[in-house]
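Below is one structure, written out as structure tokens; comments come after it.
Read the numbers this way: they start at 1 and go in the same order the structure lists the ligands and their atoms. Remember, it's a predicted structure, so these values are computed and weren't measured experimentally.
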Amino acid sequence: MTNEEMTPETKIPVDLLIHNAMVLTLNDSDDIFHPGGVAIRDDEILWVGAENPWPAHLEPREQLDMAGGLIMPGLINAHTHAAMTCFRGLADDLPLSVWLNEHIFPAEKKISRELVYQGTLLACAEMILGGTTTFCDMYLFEDQVARAAHEAGMRALVGEVLYDFPSPNYGPPEQGLAFTRDLIREWENDPLVSVAVEPHAVYTCSPELLHACNEIAEQFQVPMIIHLSESQDEVDQVKELYGTSPVMHLEKLGLLTSHLIADHCVVLNEEEMDLLAERGVRVVHNPESNMKLASGVAPAVELLARGVPVALGTDGCASNNNLDMLAEMDTAAKLHKVHRLDPTVMGAKTVAHLAVRGGARVLGLESKVGSLEPGKKADLIGLDLERPHLTPLYNMYSHLVYAVSAADVTLTIANGRMLMRNRELFTLDIGQIMAEVRTIAKRIKQ
Ligand SMILES: [Zn+2]
């Protein structure tokens, strides 16, 4: 059902009508309706528009008056390692290789099913409270991430991390491929959770493993996701191993494809940026993680100028140290300005699009989410604008990127289901989850 198909004579039952809000659609024409509303039936958006009042043919079963509030599409965290909430603040202020090899990899040797499950539940709670409705994950025991996302009611693209060494989950590398295939089949028909193939990086995965991953991606028509060119260290290491850069290495292997999602892409030359654009590779930009690990500034402005689809991600909680997409948006906007000494780049509207539409496009979910339009899935959030730090209001994009904080989010709906209202979580027992993660943290510390 679209707006056009509705005539005043047709009475249309609606599960939930959210009204009296400012509605930021992020659709192709960037429509803002104020006052506006959104009607939801089942898992879908049925109507979005200006109201004064709302169309008479809508028969809402339930109404939600969002006076003084904003309604917009749910944020999309396109790259994270959700369970790393368990390692939040464990090791900071170290170079990437030291941080990874001496702190994170050893801590990860202790990880278990339970840690990943509880850590992901905590991540989901944090994301729902911060207005994120979709996340893309790479980690171990990813079956537990899928389980946690499913219980939380979030949309998620998940994938087991694959590399050349044995994993505490599946054992030898060959079994990781089988694990991935099984996981894809298990969630094939789920409305919210889907599975990708996720080799860790080119310096941890042999060409043979990368080819095997790509075969699975092609066989099941799912994305392949990899950390790519995250730091100069990585580039040097790959040059030593293969005599070429990470991007050119993938190009030589024939693995730069339109189903490849490349996380980070910090160190790129002009030729590599052109190549990513030409091959249709999609990129996830993680500014806070890149800043904290001093990896550098990803050329997101240059990639966007070349038409490369770019999304925003927080990366894992050990390198950020939160999953706050609104903070990530603020950082993304400011980082590129100071880096180029040019306040006109990465404007607020561009950044708002990256965090929502960019995420949907990069994750291959554009037909389902990323804007408020009839026919799309009802993934949306509400924010309270009646706050001192949001007064006065001239430009919603400006506030969204530069002034709003996660605590202003008062409503989170994913796939038509209300996950949070007035800071109360409906799918997760946050007290119990925090207690479990504190117990896990005691074991990690030992
Ligand atoms: Zn990462």
Please determine, by modelled atom types, if Glu230 and Tyr203 share a side-chain donor-acceptor pair under 3.5 angstrom.
-> no

Can you tell me if Asp263 and His227 form a side-chain donor-acceptor pair at under 3.5 Å?
-> no

Report, rounded to 10°, the angle at the Zn ion (ligand 1) between the two atoms NE2 (His79) and NE2 (His81).
-> 100°

When you measure from the Zn ion (ligand 1) to each N, O or S atom of Asp315, which atom gives the shortest distance?
-> OD1

State whether His264 contributes an N/O/S atom found under 2.8 Å from the Zn ion (ligand 1).
-> no

With no hydrogens and no angle check, is any side-chain donor or acceptor of Glu126 less than 3.5 Å from a backbone partner on Leu323?
-> yes

Has the side chain of Ser229 got a donor or acceptor atom that lies under 3.5 Å from a matching backbone atom of Val267?
-> yes

